[in-house]
Amino acid sequence: MRRIAIAATLALTTALPAAAETIRVGMSGGYFPFTFTRADELQGFEVDFLNAVAEETGDEVEFVTMSFSGLIGALESGRIDTIANQITITPEREEAFVFTQPYVYDGAQVVVKAGNESEITGPESLKGRSVAVNLGSNYEQLLRELPYANEIDIRTYESNIEQDTALGRVDAFVMDRVSSAQVIKESPLPLALAGQPFSEIRNALPFRDDEAGRALRDRVDAAITALKEDGTLAEISGKWLDADVTKPTTEATE
């Protein structure tokens, strides 16, 4: 009878769903329209996206905001489980973390003070000019990989790259095209896109490269696939970005 009772208990235990986990998601809270605070509420594309992922996986999500430059260190130290701040997949990051499939496809964009877009028409026009990038972002690396990088005065910022460009303190900033276009649309700052994007970027969620991190990555990745297939991800993209940026550019133009 004791053996039967134990067997029944084990059967009941295995039939129960796995307990929900809390996924700690790091973000800056200052990267409109992906993650920002309005009326004391954290919102944006990334917030809706991660809430949809958690609903799909059956987990809870806890958003942890901090400066962008501190996000990678927080992930490495285990203070957060992933980063939702348009993290671009790069070879260097792939050596340190495991990534989900991309959920946003975008391009690096030069932005200038309105009126200067006839003089600065893209990255080739940045020679001899000062260019702002967010500290810890991949845009500094993209600029340094240009063959004329030594002719560009690259300046790293924690914040306010838009304001300093509009005020003429720097000649331009480089960010992703999607958020740049939304900033220009929503902000009173006199800014303009300068030319076309000069590099396609693929953004995904990074996780620590250990057993627990890989398992969580796999669960989240399956959720992203489901959100793509049922149209939820495209719907979130349309809400915040007025476009579907969830597919490779070759697919999006077909």
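- In terms of modelled atom types and a separation under 3.5 Å, the side chain of Asp176 and the main chain of Ser179 share a donor-acceptor contact.
- Counting only distance, with no hydrogens or angles, the side chain of Asn116 and the backbone of Glu119 share no donor-acceptor pair below 3.5 Å.
- Other residues, nucleotides and ligands contribute more than 12 heavy atoms inside 6.0 Å of the CD atom of Glu124.
- A heavy-atom distance below 4.5 Å is found between the side chains of Ile201 and Leu142.
- Judged purely by atom type and a 3.5 angstrom limit, Thr65 has no side-chain atom pairing as donor or acceptor with the backbone of Ser28.
- Under a hydrophobic-cluster definition in which Ile, Leu, Val, Met, Phe, Trp and Tyr are linked whenever side-chain heavy atoms come within less than 4.5 Å, directly or via other members, Leu71 and Met175 are assigned to different clusters.
- Separation of atoms CG (Leu135) and OG (Ser67) is listed at 8.0 Å; rounding is to 0.5 Å.
- Every pair tested for salt bridge (Lys or Arg N to Asp or Glu O under 4.0 Å) that includes a residue from residues 85-103 fails, sequence neighbours excluded, so the list is empty.
- A search for salt bridge (Lys or Arg N to Asp or Glu O under 4.0 Å) contacts involving Asp221 returns nothing, not counting sequence neighbours.
- Taking the six-membered ring for Trp and thresholds of 30 and 60 degrees, Phe34 and Tyr31 have ring planes inclined between 30 and 60 degrees apart.
- Between Asp48 and Gln43 there is no side-chain heavy-atom pair separated by less than 4.5 Å.
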Please test Lys228 against Gln101 for side chain to side chain contact (heavy atoms under 4.5 Å, CB included), starting from the C-alpha separation and ending with a verdict.
CA-CA 11 Å; Lys228 285 183 176 181; Gln101 62 188 287; 3.1 Å; yes
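- Thr121 places no side-chain N or O within donor-acceptor distance of the main-chain N or O of Ser118, the cut-off being under 3.5 Å.
- No side-chain N or O of Asn134 forms a donor-acceptor pair with one of Tyr139 less than 3.5 Å apart.
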May I have the list of side-chain donor-acceptor pairs in residues 183-193 shorter than 3.5 Å, sequence neighbours left out?
residue	atom	partner	partner atom	Å
Lys185	NZ	Asp242	OD2	2.5
Ser187	OG	Leu189	N	3.0

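- When the side chains of ILVMFWY residues are joined at heavy-atom separations under 4.5 Å, either directly or via intervening members, Val53 and Leu75 end up in two distinct hydrophobic clusters.
- A donor-acceptor pair under 3.5 Å links the side-chain atoms of Thr82 to the main chain of Pro206, judged by distance alone.
- The minimum heavy-atom distance between Arg177 and Pro197, with the atom names listed, is CD-CG, 3.3 Å.
- Going from atom CG of Leu233 over to atom NZ of Lys247 covers 10.0 Å, rounded to the nearest 0.5 Å.
- Once rounded to the nearest 0.5 Å, the distance linking CD of Gln109 with CZ of Phe173 reads 9.0 Å.
- No side-chain heavy atom of Val131 sits less than 4.5 Å from a side-chain heavy atom of Val170.
- In this structure, CZ on Phe63 lies 8.5 Å from OG1 on Thr35, to the nearest 0.5 angstrom.
- The closest donor-acceptor contact from the side chain of Glu140 to the backbone of Asn138 lies at 3.5 Å or more, if one exists at all.
- Taking the side chain to side chain contact (heavy atoms under 4.5 Å, CB included) definition, one finds that Ala172 meets it with Val110, Val112, Leu126, sequence neighbours left out.
- Counting heavy atoms from C-beta outward, Ile152 and Leu146 have side chains that approach closer than 4.5 Å.
- Here the side chain of Asp59 pairs no donor or acceptor atom with the backbone of Ile23 at under 3.5 angstrom.
- Under the 4.5 Å side-chain heavy-atom criterion for Ile, Leu, Val, Met, Phe, Trp and Tyr, Met27 and Phe207 are members of the same hydrophobic cluster.
- A donor-acceptor contact shorter than 3.5 Å is absent between the side chain of Tyr103 and the backbone of Asn203.
- Annotation for Ala223 and Thr57: closest pair CB-CG2, 3.7 Å, computed over non-hydrogen atoms.
- In this structure, CE in Met66 is found 8.5 Å from CD1 in Ile83, a value given to the nearest 0.5 Å.
- The nearest pair of heavy atoms linking Arg217 to Val98 is NH1-CB, 3.6 Å.
- In this structure, Thr37 contributes its side chain and Leu42 its backbone to no donor-acceptor pair below 3.5 Å.
- We find that Arg129 and Glu151 are not joined by a salt bridge, their nearest charged nitrogen and carboxylate oxygen being 4.0 Å or further apart.
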Is there a side chain to side chain contact (heavy atoms under 4.5 Å, CB included) between Thr232 and Phe49 once you walk through the steps?
CA-CA 9 Å; Thr232 300; Phe49 166 56; over 6 Å; no
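- At a threshold of 4.5 Å between side-chain heavy atoms, the hydrophobic network of Ile, Leu, Val, Met, Phe, Trp and Tyr places Val104 and Val220 in one connected group.
- Every residue meeting the salt bridge (Lys or Arg N to Asp or Glu O under 4.0 Å) condition with Asp81, not counting sequence neighbours, appears here in chain and number order: Arg24, Arg208.
- A continuous path of Ile, Leu, Val, Met, Phe, Trp and Tyr side chains, each step under 4.5 Å between heavy atoms, connects Val111 with Phe32, placing both in one hydrophobic cluster.
- The shortest side-chain heavy-atom distance between Glu60 and Glu21 does not fall under the 4.5 Å cut-off.
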Decide side chain to side chain contact (heavy atoms under 4.5 Å, CB included) for Glu56 and Leu227; before the verdict, give the C-alpha distance in whole Å, the side-chain angles of both, and the deciding distance to 0.1 Å.
CA-CA 8 Å; Glu56 192 72 31; Leu227 295 174; 4.1 Å; yes
Show your working on side chain to side chain contact (heavy atoms under 4.5 Å, CB included) between Thr22 and Val61 and close with a plain yes or no.
CA-CA 5 Å; Thr22 297; Val61 61; over 6 Å; no
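- Taking 4.5 Å as the limit, some side-chain heavy atom of Phe45 sits within range of a side-chain heavy atom of Ile236.
- Note: Ser137 OG to Ile161 CD1 = 7.5 Å, rounded to the nearest 0.5 Å.
- Considering only heavy atoms from C-beta on, Leu241 comes within 4.5 Å of Pro33 through its side chain.
- Asn85 places no side-chain N or O within 3.5 Å of a backbone atom of Ile87 that could act as its donor or acceptor partner.
- Residues satisfying the salt bridge (Lys or Arg N to Asp or Glu O under 4.0 Å) test with Arg214, not counting sequence neighbours, are Asp209.
- Side-chain contact, Gln141 with Thr90: no donor N or O sits under 3.5 Å from an acceptor N or O.
- The environment of Arg219 atom CZ is dense: over 12 non-hydrogen atoms of other residues, nucleotides or ligands sit within 6.0 angstrom.
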